[in-house]
**Q** 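Structure in structure tokens, see below.
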Amino acid sequence: AIAMTSAPRRRWDFDAGEAGAPAAAADAAPGDEQTVAEKLANLPVLTFEEVANSDPVLAAASKTVDVILVGCGVPKRGMGWYHATNILSGQCPSAVLTDVVEPWFLGAGADSPPGEAFAAFARANPSVRFHA
């Protein structure tokens, strides 16, 4: 028997002898030994979705979207900055902030006080690529 969970059953969840379980060499009678290739041929074939859904990390990774934020704005004042901090803090688990395009604060406005605040925000988030 297997432990009852809401997750789909994986090939390693089966007990030896259960329908769909890989053959166990310890239970085989003399002359009934299976080769590795035969054992592999008897394993259930899983789709990518079944594999991803059987592992929480893979499931999360397969259900995320890369986000490119255009026009981030001033840190602590701009709505784009607010959305960026939500994504970076994990409040949007299906989103991954990969890039920020901010032409003003990474361009002509870089020397202004808000530009300096934006540069500090960019330095504090090295996992994100910033573009002018």
Side-chain angles (χ1 to χ4, degrees):
I2 62 166
M4 297 302 292
T5 66
S6 60
R9 291 175 67 175
R10 301 164 295 211
R11 66 177 174 81
W12 51 85
D13 290 334
F14 292 94
D15 284 341
E18 189 176 347
D27 296 336
D32 288 341
E33 295 84 12
Q34 289 184 313
T35 66
V36 172
E38 290 169 329
K39 289 179 185 179
L40 290 174
N42 290 329
L43 292 177
V45 176
L46 302 175
T47 65
F48 173 78
E49 186 174 69
E50 290 171 320
V51 172
N53 289 336
S54 70
D55 183 297
V57 174
L58 290 175
S62 68
K63 295 177 181 166
T64 59
V65 63
D66 291 347
V67 174
I68 299 171
L69 179 62
V70 179
C72 188
V74 180
K76 299 185 181 178
R77 290 193 296 190
M79 190 53 63
W81 172 86
Y82 180 75
H83 292 313
T85 58
N86 285 343
I87 294 169
L88 291 168
S89 67
Q91 294 180 39
C92 304
S94 61
V96 177
L97 185 62
T98 60
D99 296 83
V100 171
V101 178
E102 179 47 67
W104 178 250
F105 294 119
L106 291 175
D111 294 333
S112 67
E116 293 169 5
F118 187 85
F121 170 70
R123 284 191 303 274
N125 295 286
S127 65
V128 180
R129 294 179 299 253
F130 287 84
H131 312 275

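The figures here come from the full heavy-atom set of this structure, side chains too, leaving out hydrogens, waters and symmetry mates.
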**Q** Using side-chain contact (heavy atoms from CB on, under 4.5 Å) as the criterion, point out the one residue from Leu97, Asp99, Val96 that pairs with Asp66.
**A** Val96
**Q** Just how far is it from atom CG of Asp111 to atom CZ of Phe105, taken to the nearest 0.5 Å?
**A** 12.0 Å
**Q** Taking all non-hydrogen atoms of both residues into account, name the closest pair between Leu69 and Ala84 and its distance.
**A** CD2-CB, 3.7 Å
**Q** For residues Arg77 and Pro114, determine if any side-chain heavy atom of one lies less than 4.5 Å from a side-chain heavy atom of the other.
**A** yes
**Q** Please say yes or no: joined through hydrophobic side-chain contacts below 4.5 Å, possibly via intermediate residues, are Ile68 and Val65 part of one cluster?
**A** no
**Q** CG/Asn86 to CH2/Trp81 distance, rounded to the nearest 0.5 angstrom?
**A** 8.5 Å
**Q** Under a single-linkage definition using a 4.5 Å side-chain heavy-atom cutoff for Ile, Leu, Val, Met, Phe, Trp and Tyr, are Phe118 and Val67 assigned to the same hydrophobic cluster?
**A** yes
**Q** Between Val100 and Cys72, what is the shortest heavy-atom contact and its length?
**A** CG1-CB, 3.7 Å
**Q** Say whether, by atom type as modelled, one donor and one acceptor occur between the side chain of Glu116 and the main chain of Ala110 under 3.5 angstrom.
**A** no
**Q** So which atom in Thr64 and which in Pro93 form the shortest heavy-atom distance, rounded to 0.1 Å?
**A** CG2-O, 3.7 Å
**Q** So Thr98 and Arg129, do their side chains get closer than 4.5 Å, heavy atoms only?
**A** yes
**Q** Is the side chain of Glu102 donor-acceptor paired with the backbone N or O of Trp104 at a distance under 3.5 Å, no angle test?
**A** yes
**Q** How long is the gap from CZ on Phe121 to CZ on Phe130, to the nearest 0.5 Å?
**A** 5.0 Å
**Q** For the hydrophobic clusters of this structure (ILVMFWY residues joined by side-chain heavy atoms under 4.5 Å, transitively), does one cluster hold both Val128 and Met79?
**A** yes
